[in-house]
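Read the structure below first, then the notes.
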Amino acid sequence: MLGAQLIDGKAIAADIRRELKEEINQLRKKNVNPGLTVVLVGDDPASQTYVRSKQRACAEVGIRSEVKMLAKDTPQAELIALIGELNRDPQVHGILVQLPLPEHINSDTVLRVIDPLKDVDGFHPVNVGSLWTGLSEQGFVPCTPAGIIELLHRTGIEPTGLNAVVIGRSNIVGKPMAALLLQSNATVTICHSRTRGLREYCRDADILVVAIGRARFVKGDWIKPGAVVIDVGMNRVDGVLCGDVDESAREVAGHITPVPGGVGPMTIAQLLRNTVIAARRTL
């Protein structure tokens, strides 16, 4: 076996940004200038890095972006009041509250305050409900799972009839990923850290999505020969970035996403797309 074909998320994300740039130019002709506001509470270095990358991506395609920076000890009520102002601002099409929030702030409460029509992260219960009832085109889908589906489609991988296994059950990746794969007519199994016989489930997967948050957790001998492996993990081990899938998987899989350069760029591309969709809907 020659080894897995790498799925180039950077290249596909660049294609999406080019497409969005053209659409944004068309929206501007109709006096609609897509705008995204990111709310950052505290000084977490990783969150600051993510926010800067989102700002750069917005600038590249022509989305007007703004960051509202709040102190770590900001009261929850003050944060909710800010979100209310952004909900009412017609120039703000997308609102993103950068997670995680400080411990004294209830994330679920905050996310429910965001107008579902501006919830470009797709975390509001209204958008979650739309996804699970097959009405996702009326709402917003979380960016990472949406990006993964786009990776599959643009790589020519059709999930219909395939066995798909998702390792991870978070509201951000695992659960919405399962919903999107179901909508794509795959047969879906959700596994997690307490699943018995996890290796056997993986060995049966034609498409394996790994989002468990453990560095190099899935080994090559867990992979079905020729399977599509999507590595959502982002871990740092001895100063080196690595995913949740061990590099030995590349010798067995048919397609695999690298870390970095696989899923990560697609997450930001989908955030831009959701913002453009929100702006388009104002017409």
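Just so you know, these numbers use all the heavy atoms, side chains as well, and skip hydrogens, waters and symmetry mates.
- Pairing each heavy atom of I114 with each of H124, the nearest pair is O-CD2, 3.1 Å.
- A side chain to side chain contact (heavy atoms under 4.5 Å, CB included) with I95 holds for exactly one of N87, V113, D121; it is N87.
- How far CG of L99 is from CD1 of I172: 5.5 Å, rounded to the nearest 0.5 Å.
- Under the 4.5 Å side-chain heavy-atom criterion for Ile, Leu, Val, Met, Phe, Trp and Tyr, L36 and V61 are members of the same hydrophobic cluster.
- Membership of the apolar cluster around L241 extends to M234, V259, as traced through chained side-chain contacts below 4.5 Å between ILVMFWY residues.
- Across all non-hydrogen atoms, the minimal contact from F140 to L117 is CE1-O, 3.4 Å.
- Considering all non-hydrogen atoms of both residues, P142 and L131 come closest at CD-CD2, 4.4 Å.
- Counting heavy atoms from C-beta on, the side chains of I167 and Y201 never come closer than 4.5 Å.
- Summarising the geometry of A146 relative to Q270, their closest heavy-atom pair is CB-NE2, 3.6 Å, with the distance given to 0.1 Å.
- The shortest non-hydrogen separation linking G62 to N33 is O-OD1, 3.9 Å.
- Salt-bridge annotation for K224 and D206: present, with a side-chain N of the basic residue lying under 4.0 Å from a carboxylate O of the acidic one.
- R64 and E66 are not joined by a salt bridge, as no carboxylate oxygen comes within less than 4.0 angstrom of a charged side-chain nitrogen.
- Annotation: side chain of E60 is not in contact with side chain of R56 (no heavy-atom distance under 4.5 Å).
- Between E23 atom CD and I16 atom CD1 the span is 12.0 Å, to the nearest 0.5 Å.
- The distance from atom CD of Q5 to atom OG1 of T257, rounded to the nearest 0.5 Å, is 12.5 Å.
- Residues K219 and R199 fail the side-chain proximity criterion, which asks for heavy atoms closer than 4.5 Å.
- With I223 as the partner, the side chain to side chain contact (heavy atoms under 4.5 Å, CB included) test is satisfied by one option alone out of V218, D246, V228: V218.
- Side chains of D244 and V232 form no contact here, defined as non-hydrogen atoms less than 4.5 Å apart.
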Checking side chain to side chain contact (heavy atoms under 4.5 Å, CB included) for the pair M177/I230: CA distance, chi angles, key distance, verdict? CA-CA 11 Å; M177 187 74 252; I230 306 295; over 6 Å; no
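- Between K175 and P145, every side-chain heavy-atom pair lies at or beyond the 4.5 Å cut-off.
- Here the CG-CZ distance, from L96 to F123, works out to 7.5 Å after rounding to the nearest 0.5 Å.
- From R196, atom CZ reaches atom SG of C191 across 13.5 Å, with rounding to the nearest 0.5 Å.
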Which is it for I212 and V210 under the side chain to side chain contact (heavy atoms under 4.5 Å, CB included) test, yes or no, and what are the steps along the way? CA-CA 6 Å; I212 198 169; V210 188; 4.3 Å; yes
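- Note that NE2 of H93 and CZ of R280 are 12.0 Å apart. Values are rounded to the nearest 0.5 Å.
- Nearest heavy atom pair, residue A279 against residue L27, reads CB-CD1, 4.4 Å.
- Under the 4.5 Å side-chain contact rule for hydrophobic residues, L283 and V276 share a cluster.
- For the side chain to side chain contact (heavy atoms under 4.5 Å, CB included) with V97, the qualifying choice from D119, L40, V110 is V110, the only one to do so.
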Test I256 against D231 for side chain to side chain contact (heavy atoms under 4.5 Å, CB included), laying out the working first. CA-CA 7 Å; I256 195 168; D231 190 348; 5.5 Å; no
The test is side chain to side chain contact (heavy atoms under 4.5 Å, CB included); show your working for L79 and I83 and say whether it passes. CA-CA 6 Å; L79 173 57; I83 294 173; 4.3 Å; yes
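- Counting heavy atoms from C-beta outward, V128 and N171 have side chains that stay 4.5 Å or more apart.
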